[in-house]
> 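After the structure tokens below, expect a handful of questions from me.
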Number of protein chains: 2
Amino acid sequence: MQAPAYAVPMDDWNDLRLVLAIARNGSLTGAAKDLEINHSTAFRRLGALEDAIGVRLFERLPGGVYAPTQAGERMAATAERIETETDALDREIVGRDTSLTGRLRVTSSETLAYRVLTKQIAKFRELHPGILVELVIDNRVLNLSRREADIALRINRPREGDLYGRKLSDVAWTAYGSRSLLAGGAPATGPTDFAAYPVIGWEENASGINAAEWMAEHVPSQAIVYRTNSIVSQLVAAKAGIGVAVLPCYLGDPEPDLMRLVREPISALGRELWIVTHADLRRTARVRAFLDVIGEGMTAARPLLTGSLPSDG
Amino acid sequence: MQAPAYAVPMDDWNDLRLVLAIARNGSLTGAAKDLEINHSTAFRRLGALEDAIGVRLFERLPGGVYAPTQAGERMAATAERIETETDALDREIVGRDTSLTGRLRVTSSETLAYRVLTKQIAKFRELHPGILVELVIDNRVLNLSRREADIALRINRPREGDLYGRKLSDVAWTAYGSRSLLAGGAPATGPTDFAAYPVIGWEENASGINAAEWMAEHVPSQAIVYRTNSIVSQLVAAKAGIGVAVLPCYLGDPEPDLMRLVREPISALGRELWIVTHADLRRTARVRAFLDVIGEGMTAARPLLTGSLPSDG
DNA sequence: GCTGGCGCTTGCATGGACGCAAGTGTGACT
DNA sequence: AGTCACACTTGCGTCCATGCAAGCGCCAGC
């Protein structure tokens, strides 16, 4: 900045990515994490860029907050448009790949991977050993347009127009308790009476989670004896006899220590399982192969997912 | 390419510039020159990129020709869109610069710089010593959108919508010969009779040059004794008495060895002199300052440019 | 058929960008 | 007030990308 401001054309497009990352994060550290570089590198690169163009791009506020100036915002906006371009380019180049080799990033929720998906990925690996599968467990919805993942298993029908998905199955939920807690009796057939048991619930402000919202409505909060935002912890707690938990059937049914509080799944909690990819990728050989294998595997897993009892068969 | 094709997202936006440059040039050497890097760097970077994405971007044809594949063309297209974005960004950032310092790239034709412009740039330098003026002599029309120059002096009214220009003066042309060749008589006042003298002309296929096309029509080709594509060479040849040349008055009139073949400028060759900048830059302090200084200076130079004879005043 | 020119390809030495780690400053919570 | 956490800033050593230069292949022109 102090150096003479020889306004010079943008001669390193990567600087734009840096500016975008800083603008998005509001901090050097966050930006550096995104770009997988060291803080200090981000610091020096930004400094060098500002020197070169002779314009301050971020105000350094106390507390390490980097706030974009007008010029910084303008630059970040350009970078964002460029990012959209390169994302599309990535997808298109990958979309032409007809080889059954390379990398495939799959994302799903923790529980789904635990009970259903891993077995099927093993099958897939057997059929296509040349493809390296990367399973990203993340309950956040990763951005397929940005290629944070190639394929996602989601509990919602995809809404974005440029995504392409297929419904794999319905997913049923119901209430479970340990056999000791429920005294080993047969599951009730009538409406669930939660008040009769201690209940395991979600953390207070768990918004956006279907089960959490349903419970807030149907379970008296005095009945709740334990709260956690982790569904796995709920499962473990239920097995330990702490209380009754509302779980997807594919988690609850395979646990020998657990039994259903009521026989039928709770229809209000029924969801759909979708497998989703970006439209640009759906003709890629390895994506198509994965869709095929999982599609077939899910047929076998459907009774588990829909909560059909073995005796129902 | 031989390495396993781990399709990986575009993680270096500069690679796009390389692909674009190679696609534009059809060769590594040309691309490297554009990017001001070494051939070998271009070679290795392209190789690394193709390895990383697992896609061949260029076919290596014999003779060192690099022809883009489909994927290469797709990537170059993206790069071109990005270039437009960054160009606009450059201009906008520079456009906000209110300091009278920095760099200013000016382009004009050789003859204009020689007779008219340099003097005025000297004046400008005196008034604004903090601004480094780079005069790019190039008879090609440089691309102001791409900031190949900030300001251009052109002999045509600018057509592109995003350029901003001002007419500085009319520019007159007429025919000149050395005093010895024309026998020192007073210039004729009637229509020019070229056939009476040897004539200096343009190279055969000089298309797009007004004077060349006019001469092809009005001067019998047998009369032409010397051809060159350089107007400076024409001037020198005329001074040497080789023949009659058609020159802009600002070139011919100041030469004591030359005199006009006819008194009045040839109206069909009349052009306009414009000073042009990009609309995004016209409020930049140093651009505005330059426009002002040149605008004023041109008022003084107008008699020379329009071909008014001293005696006419 | 040889020579010169041009451009790609490859070995080698260097310099600058990078990661690491220590230092500093700021805010929040006790 | 004191401690902790977090993030920016800066010095230092390393390593990789780069430029340079030599080698090779292709083409054209004498």
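Both backbone and side-chain heavy atoms feed into the values below; hydrogens, waters and symmetry mates do not. Letters A, B, ... are given to chains in the order of the sequence lines, protein chains preceding strands, and every chain is numbered from 1.
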> Rounded to whole Å, please give me the gap between CG in Leu61(B) and P in dG25(D).
18 Å
> Will you find, in the side chains of Ser99(A) and Thr101(A), an N or O donor that is under 3.5 Å from an N or O acceptor?
yes
> When rounded to the nearest 0.5 angstrom, what is the spacing between CZ in Arg45(A) and CZ in Arg17(A)?
9.0 Å
> Take atom CG of Leu28(B) and atom P of dT10(C), then tell me their distance rounded to the nearest Å.
12 Å
> In whole angstroms, how far is the C1' atom of dA7(D) from the CZ atom of Phe58(A)?
16 Å
> What verdict does the side chain to side chain donor-acceptor pair (under 3.5 Å) test give for Asn25(A) and Ser27(A), after you've listed the backbone C-alpha separation in whole Å, the side-chain angles of each residue and the deciding distance to 0.1 Å?
CA-CA 5 Å; Asn25(A) 281 281; Ser27(A) 82; 5.5 Å; no
> Mind calculating the distance between CG (Asn25(B)) and C1' (dC8(C)) to the nearest angstrom?
15 Å
> Atom NZ of Lys33(A) to atom C1' of dC6(D): distance rounded to whole Å?
10 Å
> NE2 of His39(B) versus C1' of dC20(D): gap in Å, rounded?
10 Å
> Among dT9(D), dA7(D), dT9(C), which nucleotide sits nearest the side chain of Arg60(B)?
dT9(C)
> Could you tell me whether the phosphate oxygens of dC20(C), OP1 or OP2, come under 4.0 Å of any side-chain nitrogen or oxygen in Asn38(A)?
yes
> Of all the nucleotides listed (dC18(C), dT18(D), dA7(D)), which has the minimum atom distance to the side chain of Arg45(B)?
dT18(D)
> Under 3.5 Å, is there a donor-acceptor pair between the side chain of Thr284(B) and the main chain of Asp97(B)?
no
> Give Arg44(A) one of three labels, base, sugar-phosphate or nothing, depending on what nucleic acid heavy atoms sit under 4.0 Å from its own.
base
> For the residue pair Arg154(A) and Val141(A), establish whether any side-chain heavy-atom pair is separated by less than 4.5 Å.
yes
> Can you tell me the distance, in whole Å, between the CG atom of Asp12(A) and the P atom of dT18(D)?
11 Å
> Looking only at N and O atoms, is any donor in the side chain of Ser40(A) or the base of dC18(C) less than 3.5 Å from an acceptor on the other one?
no
> Between Tyr66(B) and Ile37(A), which has a closest nucleotide on DNA chain C that is more 5'?
Tyr66(B)
> CZ of Phe43(B) versus P of dC6(C): gap in Å, rounded?
21 Å
> With a 4.0 Å cutoff (strictly under), does any side-chain N or O of Ser27(B) reach OP1 or OP2 of dG7(C)?
no
